[in-house]
Number of protein chains: 2
Amino acid sequence: MVTSHDVARLAGVSQPTVSRALRDSPNVSAETKERVRRAARSLGYVISDSGRALASGRTRRVGLLVTDLENQFYPYVIAAMHRQLEALDHQLILHTEDRDGENVTERLFSHGLDGVLLATTTSDSALPVRLRDRGVPFVYFNRTSAVEADSATVDAAAGLGEVAGALADRGHRRVAAIFGPRNTSTGEEREEALREALEHHGIGLPRALTHRGPFDVETGHAGMQRFLALAEPPTAVVCSNDVVAIGAVNAAHEAGLAIPEQVSVVGFDDLPPARWPVFSLTTVAYDLTAMAQAAARLLIERIEAGDRPGTYRHEVFPTRLVHRRTLAAAPMS
Amino acid sequence: MVTSHDVARLAGVSQPTVSRALRDSPNVSAETKERVRRAARSLGYVISDSGRALASGRTRRVGLLVTDLENQFYPYVIAAMHRQLEALDHQLILHTEDRDGENVTERLFSHGLDGVLLATTTSDSALPVRLRDRGVPFVYFNRTSAVEADSATVDAAAGLGEVAGALADRGHRRVAAIFGPRNTSTGEEREEALREALEHHGIGLPRALTHRGPFDVETGHAGMQRFLALAEPPTAVVCSNDVVAIGAVNAAHEAGLAIPEQVSVVGFDDLPPARWPVFSLTTVAYDLTAMAQAAARLLIERIEAGDRPGTYRHEVFPTRLVHRRTLAAAPMS
DNA sequence: TCCCTGACTGTATGCGTATGCAGGAGCCGC
DNA sequence: GCGGCTCCTGCATACGCATACAGTCAGGGA
């Protein structure tokens with residue numbers, strides 16, 4: 001393995017000069033830089049991550065904390081963050097939380113992360129507190145908790161306001177909702193926004209027309225099944241996100257119900273599968289990629305700025321309802 | 001940050017003893033180990049990845065090389081590998097190849113990887129050669145190339161043999177196929193296996209009933225569209241994998257064609273979405289999770305065994321056709 | 001001409017862990 | 001009771017890079 005010493009020898013300079021030259025330090029003459037760069041290139045020198053990390057105290061690695069890697073939502077998030085971080089010369093380390101969430105922190109730090117992206121924080125999680133106490137920079141993605149930090153989130157209220165309007169316009173009165181978990185800011189926020197928006201159009205959400213569960217396909221499936229078993233099923237189902245909506249569509253399909261003729265379905269996120277013809281999901285859209293990249297960017301900036309409490313940045317992404325084919329007029333009853 | 005020196009001080013031993021004790025070295029007495037462990041726990045000591053990497057020359061990090069993180073196939077692969085590697089105390093680093101595949105190697109090594117999992121190697125890629133020449137351990141997952149190495153792959157011939165039989169049994173004579181790229185072992189192997197198996201049942205694959213493209217949704221969509229525009233469309237379409245099949249189903253759906261009444265579709269992989277009621281895809285199944293974990297395991301074992309040319313292991317996973325609802329008797333013409 | 005300044009570069013050292021080697025303590029057998 | 005052995009532990013050092021600090025050299029002002 002070729003080291004900075006080898007480069008130094010070839011370039012006729014000292015090792016520290018190599019270090020400085022390659023990082024484009026201002027106190028290295030242009031000609032020396034050039035000589036060093038040539039030497040490095042001709043030797044095929046690549047800096048040692050470990051050496052740099054040990055000396056600088058920065059690993060240039062950040063963690064992404066996610067509960068379920070198989071959830072259809074994350075590939076897009078991971079891909080976007082990965083690209084952004086690569087551009088900023090950082091690496092993304094995936095971390096799945098244990099069931100108990102016990103030794104997450106420990107494992108987090110044993111891996112020497114410069115910071116953490118929290119994508120599935122629950123509002124009762126102790127992790128943000130621990131991170132703050134240990135001075136580890138972190139950023140919320142799509143979720144927040146009581147501990148303040150930089151965040152990239154979505155303006156759910158706007159999108160769900162549109163949803164409620166669209167439903168009302170089309171004569172829906174019996175509307176059901178599948179909510180996310182109570183202990184997530186995303187779940188709570190969307191629930192509150194939807195209730196309020198529907199209320200505004202005089203549409204209530206009785207308990208029987210409400211289902212709650214994790215943001216996954218099974219939740220949507222189970223919720224829709226429950227609704228369809230009702231004596232008076234809803235004419236529309238609003239889902240906490242697209243993955244849930246996919247589950248709901250599946251259940252309707254399984255039950256032989258026509259969408260949107262017999263029941264309308266609305267999602268949230270506008271994931272690529274929402275555009276697949278078999279779903280063609282009417283859904284609340286926003287720029288998920290930009291949001292993921294914003295979270296990554298905020299984290300790196302936070303890392304480089306150092307701890308500066310009270311100056312948190314919250315990027316909120318606008319939403320809009322995308323009309324496809326799962327929302328239609330309420331059927332005559 | 002608490003270091004092994006701190007632990008040593010508290011435990012009343014030297015730093016190297018801490019290192020040995022925590023790694024359960026045989027030449028440390030049981031009582032010393034216990035004392036060190038207690039000290040470490042009470043201080044909340046976590047080993048420094050960078051320190052260990054620098055000193056040991058092993059980063060305990062392996063790369064997964066993938067072209068397209070958004071492809072529906074990979075989340076399951078990544079999740080399985082991640083779990084397996086976590087159990088083996090290693091980390092997974094995602095790497096997406098550039099278009100040109102140019103500086104992949106460089107970036108690979110700058111990040112100090114102990115080994116690489118190749119999941120999207122093309123048979124004409126120079127990467128395996130470069131890895132071999134630089135002595136970097138690597139394992140093929142789902143694909144291989146001319147450079148021999150450990151591998152975890154699928155017994156495509158068996159599954160596709162079953163597919164051909166099932167098609168013949170149901171009276172399909174006009175069968176179309178959507179193949180993977182020519183420069184992938186997976187694509188070639190499945191093409192050859194399918195052609196041969198169909199041939200065996202007296203079914204030919206004329207050029208018009210053949211489409212080729214990357215293993216993605218768009219390929220399936222485009223292929224099916226092409227087939228459906230034919231004067232005499234096929235009664236069944238065999239797809240190179242489930243993601244492609246999803247695209248095909250979408251196109252059929254879009255065209256208003258009933259599956260399987262008007263056209264049958266068969267996939268490969270049995271991804272979770274294949275089980276979704278909207279698809280309910282008849283597909284060639286195998287244990288994808290086990291295969292991903294095998295690849296990870298093979299890599300770690302290879303890393304620990306050191307270079308030992310000529311002793312490569314090839315784990316081939318058995319397949320079987322899973323009957324769901326996209327394969328039925330050929331329609332009367 | 002001399003001193004001072006600024007621009008570079010080299011020297012020394014530290015980051016946290018792993019490991020080769022030496023040394024000490026205890027034990028066995030003769 | 002002594003040599004030699006095993007078992008355990010400490011000492012010294014290396015891994016590759018970054019950085020504080022010291023040093024050098026050229027140039028400019030007085």
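So that the names make sense, note that chain A is the first sequence line, chain B the second, and so on, each numbered from 1. Source: prediction; values computed, not measured.
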Heavy-atom closest contact ([X] atom, [Y] atom, distance):
{"X": "A:T67", "Y": "A:T120", "answer": "N-OG1, 3.3 Å"}
{"X": "B:R35", "Y": "B:G12", "answer": "NH1-O, 4.4 Å"}
{"X": "A:R143", "Y": "A:T121", "answer": "NH1-O, 3.3 Å"}

Rounded interatomic separation in angstrom, taking [atom1] from [X] and [atom2] from [N]:
{"X": "B:R58", "N": "C:dG16", "atom1": "CZ", "atom2": "C1'", "answer": "18 Å"}
{"X": "B:D49", "N": "C:dC15", "atom1": "CG", "atom2": "C1'", "answer": "14 Å"}
{"X": "A:L22", "N": "D:dT19", "atom1": "CG", "atom2": "C1'", "answer": "16 Å"}
{"X": "A:R9", "N": "C:dG10", "atom1": "CZ", "atom2": "P", "answer": "14 Å"}
{"X": "A:K33", "N": "C:dA7", "atom1": "NZ", "atom2": "C1'", "answer": "12 Å"}
{"X": "B:R60", "N": "C:dT17", "atom1": "CZ", "atom2": "P", "answer": "15 Å"}
{"X": "A:R35", "N": "C:dC8", "atom1": "CZ", "atom2": "P", "answer": "13 Å"}
{"X": "B:H5", "N": "D:dT13", "atom1": "NE2", "atom2": "C1'", "answer": "12 Å"}

message: Closest-nucleotide mapping onto DNA chain D: is B:A55 or B:A30 further toward the 5' terminus? I mean the 5' end.
response: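 The residue closer to the strand's 5' end, by nearest nucleotide, is B:A30.
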
task: Look at all strands and tell whether B:S14 reaches a base, only sugar-phosphate, or nothing, counting heavy atoms closer than 4.0 Å.
output: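 B:S14: base contact, heavy atoms under 4.0 Å.
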
message: Please classify the nucleic acid contact of A:V18 as base, sugar-phosphate, or nothing, using heavy-atom distances under 4.0 Å.
response: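 Touches nothing.
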
If you compare every side-chain N and O of [X] against the phosphate oxygens of [N] (OP1, OP2), does one of them come in below 4.0 Å?
{"X": "A:S29", "N": "C:dT9", "result": "yes"}
{"X": "A:S19", "N": "D:dC17", "result": "no"}
{"X": "B:S56", "N": "C:dA18", "result": "no"}
{"X": "B:R23", "N": "C:dA18", "result": "yes"}

Candidate nucleotides [options], ranked by approach to the side chain of [X] - the nearest:
{"X": "B:I47", "options": "C:dT17, C:dT19, D:dC17", "value": "C:dT17"}
{"X": "A:L54", "options": "D:dG16, D:dA18, C:dT19", "value": "D:dG16"}
{"X": "A:R20", "options": "D:dT19, D:dA12, D:dC8", "value": "D:dT19"}
{"X": "A:T32", "options": "D:dG10, D:dC11, C:dT9", "value": "C:dT9"}
{"X": "B:N27", "options": "C:dT19, C:dT9, D:dT9", "value": "D:dT9"}

- request: Identify, between A:Q15 and A:E31, the residue whose nearest nucleotide on DNA chain C lies closer to the 5' end.
  value: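 On the 5' side of the pair lies A:E31.
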
task: Specify the residue among A:T17 and B:A53 whose closest nucleotide of DNA chain C lies further upstream toward the 5′ end.
output: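 That would be A:T17.
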
field: Flag for B:T122-B:D124: side-chain donor and acceptor within less than 3.5 Å
entry: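 Side chains of B:D124 and B:T122: pair found under 3.5 Å.
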
- request: Sort out for me which residue in B:R61, B:R58, B:Q84 forms a side chain to side chain donor-acceptor pair (under 3.5 Å) with B:H90.
  value: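 Between B:H90 and the candidates, side chain to side chain donor-acceptor pair (under 3.5 Å) is satisfied uniquely by B:R58.
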
- prompt: Parallel, tilted or perpendicular: which describes the rings of B:Y140 and B:F138, with under 30° parallel and over 60° perpendicular?
  reply: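 Ring orientation of B:Y140 relative to B:F138: perpendicular.
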
